[in-house]
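Structure, as structure tokens:
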Amino acid sequence: MKNTLAVMLALTAGALALPAQGALKVFACEPEWAALTQELGGNDVDVYAATTALQDVHKIQPRPSLIARYHQADLVVCTGAELEIGWLPPLAEKGNNPKVNPGAPGYFEASHFVSMLEVPARLDRSEGDVHPYGNPHIQTAPDNIAAVAKGLTDKLAEVDAAHAAAYRQRYAQFSAKWTTAMQKWAAKAKPLNGIAVVSAHKAWAYLYRWLGITEVATLEPKPGIPPSAAHLEEVLSGLKIHPAKMVVFATYQDRRPADWLSQHAGIPAAELPFSVGGTAGADDLFGLFDVTVDRLLVANGAAKP
Amino acid sequence: MLKPVLMPLGLTVVLSTPVQAAAPASQDQELRELRAQIQQLQQEYDQRLKALEQRLQQAEAQAAAPPPPPPPPPPVTTAQNGNAFNPKISLIMNGTYAHDSSSAPATVPGFLLGDEATPGPSGVSLGETELAIESNVDDQFHGWAALSVKPEGGIGVEEAYVNTLALPAGFALKFGRFFSDIGYQNHQHAHAWEFVDAPLAYRTMLGNQFGDDGLQIRWLAPTDLFLEFGSELLRGGAFPAGGERRDGIKAWTAFAHVGGDAGSGGSWRLGLSHLHANADRRPDGGGIATDFTGTSRLSILDAVYKWAPDGNPEVTNFVAQAEFFYRSEGGTVVNDPSGAADTSLYNGHQRGFYVQGVYQFMPRWRVGLRYDRLGASNTLSNAVPGTTLQTLADNGGSPQRYSVMTDFSNSEFSRFRLQFNRDQSRPGQAVDNQVFLQYIFSLGSHPAHQF
């Protein structure tokens, strides 16, 4: 009897240490939203990240494991703005989960809380895989993260009203820490203000706006179309007129075109994490911007931190 | 920013000087009042100037910090006309150049072929143009229609179904015309296949692809392992069912799928499915018709494994898939029913499988290999020589085929493919070397990715 009681107590203690049984199941389309939900939800949430920073979010397939996780989710947190257009609709069709289908209360779109950049004036596929609602890579600037954090807190409090106070409290803590961190990053990144760069993909509009960086060329001739040798030559000769300080690419992208340009133009290549988990040190949202700013500074000529 | 503030201050100074100089004694009272007023004014401006300086300092301090988060975007204003509610529309265009070294009729020993199973024309030809229209109907239903426009004219309805969005407890219903979820490749539209043509098992036992009118119910288990069960109740209008008197349910299917991830870059799915079909004087696709009346029972085991480094298919990725078919048929066959009407009892067992692998070795470029094989052990009571009945009774054929292909995709929306087949599916394993050059283009809405 005593033993049974001890086992039961141990099990209870074990259950308390893990996310609670009734924890809100969150399906995050991208790792940055998984990290943000974890910051705001603590052990009131059980977060599943559908993709990693090593994957190209445009090119995900609705594979069986995603269908199974989507089916069980209480809340789906995605960027929206058609970033997941290729795989979220099939998940909604096959995942049999009306709670979280686009439009339902259990569906959260981060891009609603951000003013979108690069909204195309002309919608035509000859421009490549353009996103009609603007550049969807909103997680590359910390002020966007701050805006989404507020909206996500409201959503968490709405779908899990029992823990609303806890979400709001964590938000207050996160928000204070984030504001301080943003000031630190901005001060540190001052030398980057006004520099010109080449990017692999049009993925950094928000980062560049935040730091005052100008994009003079992209390695992809059009969004979603892989760099060809001819286009790389074009970019290289273009650099003679509009010189750039570095070539910026994300870990998930093919690094060979970036390396090629780096060698031929004699400028450094900066490999950025793009999202949480993209490189060593980018283990959470704070680390993501620590690493991003540091690597840009190193490529800009600063000593390694 | 300071200029408008300084100007009134300067004005005050200018005003106060001449007033002091010109003041006679009798106007002392007025002068004092005026001075008091001016002093008051000066004080007010001093205070405002200090406040402004303070604000300026604050602003300078903040300039180092990032700009405040932008205001929330205005509501999307693209909905300026009724077009905003238009469904998603996409058009798939494809065309082929084909060359066959053999011009013998494309019969397969041990099998009666459906009418869709004849190979495409040789030379340059336009394939079926597919128009797909998709939209949510309301909060409960989603609709999808895929119309195929044949190159010679005429519109076919490949799929036209409505599926539920909000059934509870993991259930979903689909009704209308749809490609069955049996097997792995069956639900994929032809433009999503990895090779130009369907595997031999699909060609011979399902008429390339099995779609029919009816109802599908599907249930998804609430587990982290993907586990799905489903069943379809069908009209029985399509090969291997078909023929007259299609009242009631003349075909049904049942399927189970299990799947998940394997390591950081792999994912897999296994499926087991069954199709039970009744045929009533179902004609085949040959020149002289051969009717089949009876039942056809097909079981399929399918497996697919996909891999990419870290799950990122950008540079390289690999897809392996294999399906095993086993079919039992029993009934009567009649050759040339409107003429000689040779009749035979027929009891058949047929097997078939294919294995294929497709590897993307650099961005945009892929290569693929496929091997197909079929086998039959059929019994016919009256295998009249020189007719389709004799071909059906031919158990010694062991039809097989080797295929190799390479394709280039400029973007997600365009693809060119070159394929070579060494086809030995005709009686006596007669060799037919086939070459295909194919293009596939997708216009309009972004297509849904498939697993």
Side-chain angles (χ1 to χ4, degrees), chain A residues 51-52 54-56 58-69 71-72 82 85-87 89-90 92-98 101-104 112-116 125 128-129 132-133 141-144 146-147 150 179 182-183 185-187 190 210 222 224-227 252-254 256, chain B residues 64-73 76 78 134 136 139 142 144 163-172 218-228 257-261 264 267-269 306 308-315 363-364 410-413 443 445-451:
Chain A
T51 58
T52 74
L54 303 181
Q55 297 171 335
D56 183 350
H58 302 92
K59 293 187 179 160
I60 303 299
Q61 293 188 336
R63 58 182 199 275
S65 58
L66 295 190
I67 299 173
R69 296 290 187 153
H71 177 54
Q72 297 178 74
E82 296 210 341
I85 184 79
W87 50 284
E93 184 178 339
K94 297 199 159 98
N96 301 5
N97 188 354
N101 282 344
H112 276 186
F113 299 87
V114 168
S115 38
M116 304 298 284
R125 281 273 153 69
D129 188 8
Y133 298 105
D143 50 337
N144 285 349
K150 175 80 184 70
T179 309
M182 269 168 70
Q183 279 163 2
W185 292 321
K190 262 190 172 169
W210 172 51
K222 300 283 178 188
I225 296 182
Y252 78 83
Q253 285 157 346
D254 187 5
R256 285 171 302 180
Chain B
V76 177
T78 47
E134 171 190 16
N136 285 338
D139 60 327
H142 166 261
W144 158 271
N163 62 290
T164 60
L165 292 171
L167 285 195
F171 283 98
R218 204 163 48 81
W219 179 74
L220 202 55
T223 51
D224 288 350
L225 182 75
F226 171 73
L227 193 57
E228 176 188 68
H257 298 140
V258 57
D261 288 344
S264 69
S267 52
W268 57 277
R269 198 194 85 166
K306 298 193 178 191
D310 294 314
N312 180 9
E314 181 96 350
V315 182
R364 305 198 271 189
N410 181 51
S411 71
E412 227 178 312
F413 312 102
L443 282 68
S445 294
H446 195 297
H449 301 168
Q450 297 204 347
F451 180 83

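Residue numbering restarts at 1 for every chain, and letters A, B, ... go by the order of the sequence lines. Just so you know, these numbers come straight off a predicted model, no measurement behind them. Excluded from the calculations below are hydrogen atoms, water molecules and symmetry mates; all remaining heavy atoms, backbone and side chain alike, are included.
Residue contact with chain A, scored on non-hydrogen atoms closer than 4.5 Å, involves the backbone and the side chain of B:N410 alike. In this structure, no portion of A:E82 lies under 4.5 Å from any heavy atom of chain B. For B:A308, no part sits under 4.5 Å from any heavy atom of chain A, backbone or side chain. Looking at B:E412, only its side chain comes within 4.5 Å of chain A, counting heavy atoms on both sides. Only the backbone of B:L167 comes within less than 4.5 Å of a heavy atom in chain A; its side chain stays farther off. No part of A:P142 comes within reach of chain B, as not one of its non-hydrogen atoms sits under 4.5 angstrom from that chain. Only the side chain of A:R69 comes within less than 4.5 Å of a heavy atom in chain B; its backbone stays farther off. Neither the backbone nor the side chain of A:L66 comes within contact range of chain B; no heavy atom of the residue lies under 4.5 Å from a heavy atom of that chain. Residue A:P62 touches chain B through both its backbone and its side chain, counting heavy-atom pairs closer than 4.5 Å. Only the side chain of B:F413 comes within contact range of chain A, with at least one heavy atom under 4.5 Å from a heavy atom of that chain. Using a 4.5 Å cut-off between heavy atoms, B:W144 does not touch chain A at all. For B:L443, no part lies under 4.5 angstrom from a heavy atom of chain A. At a 4.5 Å heavy-atom cutoff, the contact between B:S445 and chain A is made by backbone atoms alone.
Your options are B:S411, B:G260, B:G311, and the one with the most heavy-atom pairs under 4.5 Å with chain A is B:G311. When A:A141, A:P98, A:P89 are compared by the number of non-hydrogen pairs under 4.5 Å with chain B, A:P98 comes out ahead.
The line from NE2 of B:H257 to NZ of A:K94 is 10.0 Å long, rounded to the nearest 0.5 Å. Rounded to the nearest 0.5 angstrom, B:D139 CG and A:N101 CG are separated by 10.5 Å. Atom-to-atom distance recorded for B:H449:NE2 and A:H58:NE2 is 9.5 Å, nearest 0.5 angstrom. Within the model, atoms CD of A:Q253 and CD of B:E314 stand 6.5 Å from one another, a figure rounded to the nearest 0.5 Å.
For the pair A:S65 and B:D261, the tightest heavy-atom approach, listed with the atom from each and the gap, is OG-OD1, 2.7 Å. Contact between B:P363 and A:D254 at its shortest, heavy atoms only, is CG-OD2, 3.8 Å. Here the closest heavy-atom approach between residue B:V315 and residue A:R256 is recorded as CG1-NH2, 3.3 Å. Between A:Q61 and B:K306, the closest heavy-atom pair is OE1-NZ, 2.9 Å. Across A:G95 and B:L220, no two heavy atoms sit closer than the pair O-CD2, 3.5 Å. When every heavy atom of A:I67 is checked against every heavy atom of B:F226, the shortest pair comes out as CG2-CE1, 3.7 Å.
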side-chain contact (heavy atoms from CB on, under 4.5 Å) between B:N312 and A:K59, intermediate numbers included: CA-CA 8 Å; B:N312 180 9; A:K59 293 187 179 160; over 6 Å; no
